[in-house]
Amino acid sequence: MEPTALRQRVAVVRRARSGEWGRILEILETANFHRIGGLEMPEFPLSDCFVAEVDGLVVGVAGYRILGPTLAKTTLLAVHPDFRQGRSIGADLQRARMDHVKTLGIRMLRTNVDDPRVVQWYERRFGYRRTGATVPKTEPFGRDDIDHWTTLEVDL
């Protein structure tokens, strides 16, 4: 199927499966999030991931990590460049992980973001607020022109 035809199809968000690791890494690489096992992202368990799929093709991924009884952190979120504009796939992935952690009793969700446009996206679409904290990057990860992460939180 032509990429244009795929872009017009609806994405389905579901839990990740073990056989999808290769495709997930390809998608993470498009955002420079693929160095799993390094200082920035020591692990990225698929058991804590959602994927977006269009006609059987994984086109996006989003993870989370439980930090405590009522606190969780979003981890990586990336959508393949061919599917980023006008589809709301990133928003669908974000909603899926927010809804899921809430069912686990999580009341506060934290994230670290290095892109100012994405900071605004989290604030505008999901009600996140800046905590005032920043975290220095420890290795090339995400945007290479930004040397820190901005910490955001939202009450669920």
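Not measured: the values here are computed from a predicted model.
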Considering only heavy atoms from C-beta outward, does the side chain of V154 approach that of M98 to under 4.5 Å? yes
Please evaluate residues K73 and Y64 with respect to the criterion side chain to side chain contact (heavy atoms under 4.5 Å, CB included), reporting the C-alpha separation (whole Å), side-chain torsions for both, the decisive distance (0.1 Å), and the verdict. CA-CA 6 Å; K73 180 182 184 306; Y64 65 91; over 6 Å; no
Test item: L93 and R97 side chains (from C-beta on) under 4.5 Å apart, heavy atoms: no
Find out whether R17 and V51 are in side-chain contact, i.e. whether some heavy atom of one side chain is under 4.5 Å from a heavy atom of the other. no
Taking everything shown except R117 itself, do over 12 heavy atoms lie less than 6.0 Å from its CZ? no
Tell me whether V61 is reachable from L46 by hopping between hydrophobic residues (I, L, V, M, F, W, Y) whose side-chain heavy atoms are closer than 4.5 Å. yes
What are the two closest non-hydrogen atoms of G90 and L77, and how far apart are they? O-CD1, 3.7 Å
Do R15 and F50 form a cation-pi contact, if we require the NZ or CZ to be under 6.0 Å from the six-membered ring centre and within 45 degrees of the ring's axis? yes
Side-chain contact, heavy-atom cut-off 4.5 Å: R23 with L57? yes
If we only count heavy atoms from C-beta on, is the Y128 to V113 side-chain gap below 4.5 Å? no
Value for OG1 (T134) from CD1 (I146), rounded to nearest 0.5 Å, stands at 12.0 Å
Measure the spacing between OG1 of T150 and CD of E123 and express it to the nearest 0.5 Å. 9.5 Å
Between A78 and I27, what is the shortest heavy-atom contact and its length? O-CG2, 3.5 Å
Are V135 and L76 connected in a single hydrophobic cluster, I mean Ile/Leu/Val/Met/Phe/Trp/Tyr linked by side-chain heavy atoms less than 4.5 Å apart? yes
Check step by step if salt bridge (Lys or Arg N to Asp or Glu O under 4.0 Å) holds for R35 and E40. CA-CA 8 Å; R35 292 180 183 92; E40 290 290 345; over 6 Å; no
Side chains of T70 and I106 in contact at under 4.5 Å (non-hydrogen atoms): no
Heavy-atom side-chain proximity of D99 to K102 below 4.5 angstrom: no
Between R143 and D115, does at least one N-O distance fall below 4.0 Å, as a salt bridge requires? yes
Could you grab the distance from atom OG1 of T75 to atom CG of N112, nearest 0.5 Å is fine? 11.0 Å
Is any side-chain heavy atom of W21 closer than 4.5 Å to one of I36? yes
With rounding to the nearest 0.5 angstrom, report the OG to CD distance, S88 to Q94. 12.5 Å
For the side chain of T131 and the backbone of T151, is there at least one donor-acceptor N/O pair under 3.5 Å apart? yes
If hydrophobic clusters are built by linking Ile, Leu, Val, Met, Phe, Trp and Tyr wherever their side-chain heavy atoms come under 4.5 Å apart, do L28 and V79 end up in the same one? no
Keeping the roles fixed (side chain from E29, backbone from H34), state whether a donor-acceptor pair exists under 3.5 Å. no
How far does OH of Y122 sit from CD of E153, to the nearest 0.5 angstrom? 13.5 Å
With K137, which of D144, D114, D145 fulfils salt bridge (Lys or Arg N to Asp or Glu O under 4.0 Å)? D114
Should V12 and I24 be regarded as members of a common hydrophobic cluster, given that ILVMFWY residues are connected when their side-chain heavy atoms come within less than 4.5 Å of each other, either directly or indirectly? no
Got a sec: does the CD of Q85 have more than 12 other heavy atoms crowding it under 6.0 Å? no
Do W149 and V118 sit in the same hydrophobic cluster, where Ile, Leu, Val, Met, Phe, Trp and Tyr count as joined when their side-chain heavy atoms come under 4.5 Å apart? no
